[in-house]
Amino acid sequence: MDITELKQALFDGGVVGAGGAGFPTHAKLSDQAETIILNCAECEPLIKVDRQLMTDYIDEILSGMQLLVDTLGAQEGIIAVKKSYRASIEAVNSQIGKYKGLKLHILPDIYPAGDEVVLIYETTGRVVPMGKIPIVVGCVVVNVETVLNLYRKVTSGANVVTKFVTVAGLVKDPVTVEVPVGITVQELIDMAGGFTTDDSVMIMGGPMTGRICSVSDIVTKTTKAVLVLPPTCPPVTKRQGSSRNNIRNAMSVCSQCSMCTSLCPRNLLGAAIKPHEFMRALANGLTYQVDPFLNSFFCVSCGLCEMYSCHQGLSPRTLLDEYKGGLRAKGVKPPERENKPVSSLREERKVPEHRLVQRLGLHPFDVPAPMTKCSADIREVKLMLRQCIGAPCSPVVQTGDSVTAGQMVGQPPEGALGTCLHASITGKVTAVTDNYITISK
Ligand code: SF4
Ligand code: SF4
């Protein structure tokens, strides 16, 4: 198989970044790649998908990595696993001898080790310049589940119709389960034995970057976790503050201590983002100083500044996100900037994940969420037409059509960034709208 055939297979198979970002995988592949990095850092606390896939599907994942390295003509494949994932490391060590050009790299247990730019620096020492993508430093980063999906497509033609999701927090039996794409959050909660309290808030995704969701929300190809959390814990309260109050609080109590900047993982790698300068400019209405606002483009929204660093409980990430979104909506492009050297204090300023878990009040929920088979009888799925970064799919089926699991039901417009969409259960198409296709058994 050459790179063109591999890209076509991934496009046809609907393979997208399963780690949360959802970038179509075929569009990442390049014959300029020197290093392929497997991201088994499971960026956020409480999510247990990747480490368990590494133990349960180690041969498939390493074979998928070998295939990527060979097809792209890369020099090496790095299997990057966090130090505390002992079972995953054991699984890699037991099998890696069978593969040429793959090596294990143990990552520190820090947040956000899974951020692409941080991961590339940790594993290769290369710095991705601000506003650029990993291939400019010869790297392609792929998530564990994405590589499993790639392997399944290439070896058996299987299209992506399932998603591995961790369900944790205030549920009876935390689990990690492979479910059909398109089921509801309620069905996931049922698979975890149901809620243990009526007083909770659900977050889809990780506690640092996920969003508040409801039981009717739908699982997509990028859903990594559903966390049921107490309404008073920071991952919930931070998402409920109003913009007006966030700005007022910044005006009242930002002490300009600059701790948010000191611990910012992108700033430590030489990027121009300085949240304390942004907060000063915002709180004082310093609109004649445009740099602190424009530099919001270099914030990766990891949330460390507001969930961990700021001793005043302020919300730099949320405010930066709002500004960045506003600038994009007005057509403003990221400025050209040169990276500064990596901070000599970076090692001392890495944030240990166990400290972050404590700070977020999540330690009672940091328990195993064992891999479980989906035994539920799924009667209906709702397939969102937008499953990844890029263009939404256009339906290629109509209401009343019969479809079988794995059959293509949508594809992106000609030439647009995106991948194909497939039925995740066998049944009848019962609705086709601008946003989704419903299939019922
Ligand atoms: S850490 Fe908080 S108080 Fe300190 S500069 Fe940043 S936003 Fe202001
Ligand atoms: S969210 Fe905060 S800590 Fe994270 S990259 Fe943005 S400014 Fe830095």
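Quick note: numbers below take in every heavy atom, side chains included, and nothing from hydrogens, waters or symmetry partners. One-based numbering, in listed order, for ligands and for the atoms of each. Along the sequence shown, the residues carry numbers beginning at 1.
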Practice task
Using a strict 4.0 Å threshold on nitrogen-to-oxygen distance, state whether Lys224 and Glu44 make a salt bridge.
Solution key: no
Handout entry: Contacting atoms of ligand 1, where contact means under 4.0 angstrom from a heavy atom of Ser258
Key = 4 (Fe), 5 (S)
Handout entry: Test item: side-chain donor near acceptor, Thr318 and Asn246, under 3.5 Å
Key = no
Exercise for the section: Carefully, step by step, assess Arg386 and Asn435 under the rule side chain to side chain donor-acceptor pair (under 3.5 Å). Expected result: CA-CA 7 Å; Arg386 185 185 290 281; Asn435 296 320; over 6 Å; no
Completion exercise
Of all protein heavy atoms, the one nearest atom 3 (S) of ligand 1 is Ser255 N, 3.5 Å
Exercise for the section: Could you check atom 4 (Fe) of ligand 1 against the protein and tell me its nearest heavy-atom contact, residue, atom and distance included? Expected result: Cys257 SG, 2.3 Å
Problem - Within 6.0 Å of CD in Glu338, more than 12 heavy atoms from elsewhere - result: no
Handout entry: Identity and distance of the protein heavy atom lying nearest atom 1 (S) of ligand 2
Key = Gly303 N, 3.2 Å
Exercise for the section: Mark yes when over 12 heavy atoms from residues, nucleotides or ligands other than Arg239 sit less than 6.0 Å from its CZ; otherwise mark no. Expected result: yes
Problem - Check: Tyr57 ring centre within less than 6.0 Å of Tyr151 ring centre - result: no
Handout entry: Proximal atoms of ligand 1 relative to His276 (non-hydrogen, under 4.0 Å)
Key = 5 (S)
Exercise for the section: List for me each residue that meets ring-ring contact (aromatic ring centres under 6.0 Å, His included) alongside Phe298, sequence neighbours excluded, and say none if there are none. Expected result: none
Problem - Pair Thr261-Asn267, side-chain donor/acceptor within less than 3.5 Å - result: no
Practice task
Compute whether any side-chain donor of one residue and acceptor of the other, for Thr55 and Tyr85, lie under 3.5 angstrom apart.
Solution key: no
Handout entry: Flag if over 12 foreign heavy atoms under 6.0 Å of CE, Met259
Key = no
Completion exercise
Ignoring waters, protein N/O/S atoms under 2.8 Å from atom 8 (Fe) of ligand 2 are Cys264 SG
Exercise for the section: Among all protein heavy atoms, pick out the one at the shortest distance from atom 8 (Fe) of ligand 1; state its residue, atom name and that distance to 0.1 Å. Expected result: Cys254 SG, 2.3 Å
Practice task
May I ask you to list the atoms of ligand 1 that are less than 4.0 angstrom from any heavy atom of Cys310?
Solution key: 1 (S), 2 (Fe), 3 (S), 7 (S)
Problem - Subset of ligand 1 atoms that lie under 4.0 Å from at least one heavy atom of Gln312 - result: 3 (S)
